[in-house]
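Worksheet: the structure to be examined is printed underneath.
Being a predicted model, the structure only gives us computed values, none of them experimental.
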Amino acid sequence: MSIHERSNLDPQITRALQELLAGREPDPADVEPLTGDVRACITALIEALHNDGVQAVRRSFLALAKDNRPWLMRLAASAVPQASTTNDPDKPARRIRFLPDSEFENRPPRQWLIPAILPKEGIALIFGPPGCGKSFLTMNWSLCIASGRQWLGHPVLQGPVAYIAGEGSFGIGPRLKAWKQFHQFSGDSGVKWFDEALALQDAGNFNELVTAFLEDFEEPPVLVVIDTLSRCSGGADENSNTDIAKVIASADMLQQRFHCTVLIVHHAGKDRDRGPRGASSLIGNTETIIEVAPTDEGCRVVCYKQKDAAKFDPLSLKLQTVQYGSTEEDTSAVLIYDETDAQPKMRESESVMYAALTGAGKALTYTEWKKAGIEAKLKERTASMAIKNLVSAGRVEKSGKLYTIPIPSENDMEGSTDNEMV
């Protein structure tokens, strides 16, 4: 297919690519006119979708795009509407499609980047006062998810991480070195960093960000960290629901485009009981909200909101100083459990089963819960033992034939101090 012929079919190619990158079969009416290298590329992506799903499509797409096919990247990043469900060329293309019950009933349960704490896909918000340790926490999560290392005994879903460090890069290097020294890790972690502020709701910035994700990552990031909301909102009025809704809408478009989790770092308001600083739309338009409150030794991590899942138990963490070089200045810190206050850590199998129950969004019978554990790659005996241990530890309640996660008491939500972390 010549460049001129391909140009005439740009809308069909773009719609096919957008459908495939979203994990859907493209409309045959968009594929049939294609020939030559273009048809071969689309056919390869369709085969990848059939064989291994949407992640395989994205890997194949990036491999094809890097093999001297700049047009492929350009078309995928363009904003042509998605395919119509009709073959009639006189009818406009449409994106909105209504689906029957079965499409939702047969969807797999919620997945987690960190079981029961940080969900896979969606908008999450972490907030706290200055110096409370929230950036230490988000960096720890990012490094563990990207490298595949457990976070304080919690298994993670490994994948690339994009970290937008809008408040500057001076602290990144020392914290990276301390984390690697503490975990005896060498080489690149799998996190990629951008150390400048940007206005997320600006169309030009947004499109450039999409292009960067496509070109700088071999696979799309599973986690995108925006640190902080203030530095990445282009001077938006934090108290304006209209202004903040535009920022969240941009984050949501990133989440939908790349099927990732967007984690926004924000500040606490003057009144702790009212949650994060600024507009109420922050609370309404995010699925997960996590509060970080300073303590004498480090911080306390509390689940403020967890949509369609139980809140996790509060976690007490402390800063552990790490020296990564030969001089006194070569020090930073990592967050570890505060063993004087923290509950006993769950085994990996217990974390998996706990996440399966929370991800179901409802009470499960023993058989249903065990089946969910087996689907999460646990052996039947291991899943059964984890159920027994979770009930014995009081993390899960049994009522009749159903298992549920107890609602935390008000006492569990207390325990923070007003002391600032050094």
Side-chain angles (χ1 to χ4, degrees), residues 113-118 124-147 149-156 163 165 167 170-185 189 191 225 227-228 263 265-268 272 276 288-304 311-325 328-348 350-351 354 393 395 408 411-422:
L113 295 179
I114 304 174
I117 295 177
L118 191 63
L125 182 76
I126 184 168
F127 75 95
C132 69
K134 55 187 180 290
S135 288
F136 271 102
L137 184 60
T138 53
M139 283 187 67
N140 270 252
W141 282 350
S142 300
L143 291 163
C144 288
I145 289 168
S147 65
R149 288 179 172 266
Q150 291 190 356
W151 177 71
L152 303 182
H154 296 271
V156 301
Y163 200 114
E167 290 195 340
F170 293 108
I172 294 176
R175 294 180 186 185
L176 271 173
K177 293 174 184 177
W179 185 88
K180 291 182 178 181
Q181 174 69 25
F182 184 81
H183 291 282
Q184 296 297 293
F185 185 92
S189 64
V191 181
V225 178
D227 187 359
T228 59
L263 177 60
V265 182
H266 190 39
H267 298 289
R272 181 194 165 196
T288 299
I289 302 178
I290 296 168
E291 179 184 9
V292 181
T295 64
D296 289 336
E297 296 294 326
C299 62
R300 188 166 174 82
V301 181
V302 177
C303 185
Y304 188 91
K311 295 179 179 179
F312 60 80
D313 293 331
L315 302 168
S316 290
L317 309 177
K318 67 177 181 180
L319 278 176
Q320 173 71 52
T321 301
V322 177
Q323 183 158 356
Y324 55 80
E328 292 183 2
E329 290 78 18
D330 295 334
T331 59
S332 187
V334 295
L335 284 169
I336 63 173
Y337 272 121
D338 184 351
E339 300 293 350
T340 63
D341 188 53
Q343 283 188 298
K345 292 181 286 186
M346 286 189 280
R347 296 183 177 90
E348 182 171 349
E350 293 166 7
S351 293
Y354 190 85
R395 296 182 185 275
N411 290 336
D412 289 333
M413 303 298 288
E414 298 174 352
S416 301
T417 72
D418 293 327
N419 299 324
E420 185 170 343
M421 180 181 297
V422 178

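Classification of the Tyr337-His154 ring pair by plane angle, with boundaries at 30° and 60°, yields tilted.
With rounding to the nearest 0.5 angstrom, the CG atom of Asp338 is 6.0 Å from the CD atom of Glu297. To the nearest 0.5 Å, the span separating CG on Asn140 from CZ on Arg149 amounts to 12.0 Å. Atom CG of Leu315 and atom CG of Leu152 lie 8.0 Å apart (nearest 0.5 Å). Summarising the geometry, atom CZ belonging to Phe127 is positioned 10.5 Å from atom NZ belonging to Lys134; distances are rounded to the nearest 0.5 Å. Atom CG of Leu319 sits about 7.0 Å away from atom SG of Cys299, to the nearest 0.5 Å. With rounding to the nearest 0.5 Å, the separation of CD in Glu291 from CZ in Arg300 is 10.5 Å.
With respect to Gln181, the side-chain contact (heavy atoms from CB on, under 4.5 Å) criterion is satisfied by exactly one of Gln184, Lys177, His183: Gln184.
Considering only heavy atoms from C-beta on, Leu143 stays 4.5 Å or farther from Phe185 through its side chain. Met139 is not listed as a side-chain neighbour of Asp227, based on a closest heavy-atom distance of 4.5 Å or more. The shortest distance between side-chain heavy atoms of Phe312 and Ile114 does not fall below 4.5 Å. The side-chain heavy atoms of Ile117 and Trp151, taken from C-beta on, include a pair separated by under 4.5 Å. A heavy-atom distance below 4.5 Å is not found between the side chains of Thr295 and Ser316. Using a 4.5 Å heavy-atom cutoff, the side chains of Ile145 and Leu118 are in contact. In this structure, Leu137 and Leu317 have side chains that are in contact, with non-hydrogen atoms separated by less than 4.5 Å.
The minimum heavy-atom distance linking Ser142 with Val191 is given by the pair O-CG2, 3.4 Å. Considering all non-hydrogen atoms of both residues, Pro129 and Ala268 come closest at N-CB, 3.8 Å. Shortest non-hydrogen contact noted between Val156 and Cys144 is CG2-O, 3.6 Å. Residues Ala178 and Val322 share a closest heavy-atom pair of O-CG1, 3.6 Å. Contact detail for Ser135 and Arg175: the closest heavy-atom pair is CB-NH1, 3.4 Å.
Every residue was checked against the ring pair (Phe, Tyr, Trp, His ring centres under 6.0 Å) condition with His266, not counting sequence neighbours, and none meets it. The side-chain contact (heavy atoms from CB on, under 4.5 Å) check on Thr288 picks up Pro119, Ala124, Ile290, Gln306, with sequence neighbours excluded. With sequence neighbours excluded, the residues that form a ring pair (Phe, Tyr, Trp, His ring centres under 6.0 Å) with Tyr163 are Trp193.
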Stepwise side chain to side chain contact (heavy atoms under 4.5 Å, CB included) test for Trp179 and Ser332: CA-CA 9 Å; Trp179 185 88; Ser332 187; over 6 Å; no
Val292/Phe136 under side chain to side chain contact (heavy atoms under 4.5 Å, CB included): CA gap, chis, key distance, verdict: CA-CA 11 Å; Val292 181; Phe136 271 102; over 6 Å; no
